[in-house]
Amino acid sequence: TLRHDTAFRPHTVIVAEHVPPLGLIATSSQEARAGPFYVSFFDENTGQLLARLPTRTAQHCLAWSESEGLLFACGRDSGPIRGYCPRQFREKARLVQVGGAARCLRAVPGTMSHLLISGGSDGALRVWDLTQSRSVPGCALLAHELGVRIVELMPRTGVAVTAGQPYST
């Protein structure tokens, strides 16, 4: 059981991500609809809270990048993609997107693990080079006209599967 209380005020967990090499569970949570918002790190064996970092907005997606050693987080419709260092429990990277805000993230595994894919509120899929902290020029693809909700990667084929907002093409 992971306790998300702050001074006996319960949090709603928005999303969780396993960080296997460090034995951590990361969560995004909120105390109320208008905040405050947090990214928290827990020991996966004991459930002990190790760190809680305040964020400006609710983070609706978390993605662990093993090659960079960072946990990337994004809100639903605002702000940059933030990279948190789970060893130092602090923000270490910020990816600023031109166009719609990132709604979903997926770290690319294997030989291309320095890449991150984001789906935006503008309907575009973007590929990020994490070694340079920027999107790869010419690698944006309009996937859904009303925004991308989900992006998944098929590791054996390298195919990205997306889902858009309802009623989008």
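The two residues Ala73 and Leu62 come nearest to each other via the heavy atoms CB-CD2, 3.6 Å. The minimum heavy-atom distance between Leu24 and Pro86, with the atom names listed, is CD1-CB, 3.7 Å. Minimum interatomic distance between Ala63 and Ala107 (heavy atoms only, all atoms of both residues): CB-N, 4.1 Å.
Here Arg134 pairs with Gln132 under the side chain to side chain donor-acceptor pair (under 3.5 Å) rule; sequence neighbours left out. Take Arg90 and apply the side chain to side chain contact (heavy atoms under 4.5 Å, CB included) test, not counting sequence neighbours, and it matches Gln88, Lys92. Scored by the side chain to side chain donor-acceptor pair (under 3.5 Å) test, Thr57 finds Gln59 as partners (sequence neighbours excluded). Scored by the side chain to side chain donor-acceptor pair (under 3.5 Å) test, Arg94 finds Glu91 as partners (sequence neighbours excluded). Listed by chain and residue number, nothing satisfies the ring-ring contact (aromatic ring centres under 6.0 Å, His included) test with Phe37 (two or more places apart in sequence, or in another chain). Thr131 pairs by the side chain to side chain donor-acceptor pair (under 3.5 Å) definition with Asp129, not counting sequence neighbours. Residues forming a side chain to side chain contact (heavy atoms under 4.5 Å, CB included) with Arg87 (at least two apart in sequence, or on another chain): Leu22, Cys85.
A distance-only check finds no donor-acceptor pair linking the side chain of Ser118 to the backbone of Ala102 [under 3.5 Å]. Under the 3.5 Å distance criterion, the side-chain polar atoms of Thr46 are matched with a main-chain donor or acceptor of Gln48. Judged purely by atom type and a 3.5 angstrom limit, Ser121 uses its side chain to pair as donor or acceptor with the backbone of Ala101.
The salt bridge (Lys or Arg N to Asp or Glu O under 4.0 Å) analysis of residues 64-75, with sequence neighbours excluded, yields no pairs. Residue pairs meeting the ring-ring contact (aromatic ring centres under 6.0 Å, His included) criterion with at least one partner in residues 88-118, sequence neighbours excluded, are Phe41-Phe89. For the salt bridge (Lys or Arg N to Asp or Glu O under 4.0 Å) condition, the pairs that include at least one residue of residues 107-127, sequence neighbours left out, are Asp122-Arg126.
Summarising the geometry, atom CD belonging to Glu17 is positioned 9.0 Å from atom CD1 belonging to Ile25; distances are rounded to the nearest 0.5 Å. For the atom pair CZ of Arg149 and NE2 of His60, the computed distance is 13.0 Å after rounding to the nearest 0.5 Å. Interatomic distance, Leu71 CG to Trp64 CH2, rounded to the nearest 0.5 Å: 7.5 Å.
Residue Leu95 shares its hydrophobic cluster (ILVMFWY side chains chained together at separations under 4.5 Å) with Leu70, Phe72, Ile81, Leu105, Leu116, Trp128, Leu130.
Linking ILVMFWY side-chain heavy atoms closer than 4.5 Å, directly or via other members, places Val15 and Leu53 in a single hydrophobic cluster. Under a hydrophobic clustering in which Ile, Leu, Val, Met, Phe, Trp and Tyr are joined whenever their side-chain heavy atoms come within less than 4.5 Å, directly or via other members, Tyr38 and Leu50 fall into different clusters. Residues Leu49 and Val19 are members of separate hydrophobic clusters, defined by side-chain heavy-atom contacts under 4.5 angstrom among Ile, Leu, Val, Met, Phe, Trp and Tyr. Residue Ile117 is grouped with residue Leu115 when hydrophobic side chains (ILVMFWY) are merged at heavy-atom distances under 4.5 angstrom, including chains of intermediate members.
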Notebook entry, point to check: How far apart are the C-alpha atoms of Val148 and Arg103, what are their side-chain angles, what is the distance that settles it, and do they pass the side chain to side chain contact (heavy atoms under 4.5 Å, CB included) test?
Noted result: CA-CA 7 Å; Val148 181; Arg103 287 185 172 169; 5.9 Å; no
Output side-chain donor-acceptor pairs under 3.5 Å for residues 150-157, partner residues at least two apart or in another chain, one line each.
unit_1: Glu152; atom_1: OE2; unit_2: Arg106; atom_2: NH2; d: 2.8
unit_1: Thr157; atom_1: OG1; unit_2: Val159; atom_2: N; d: 3.3

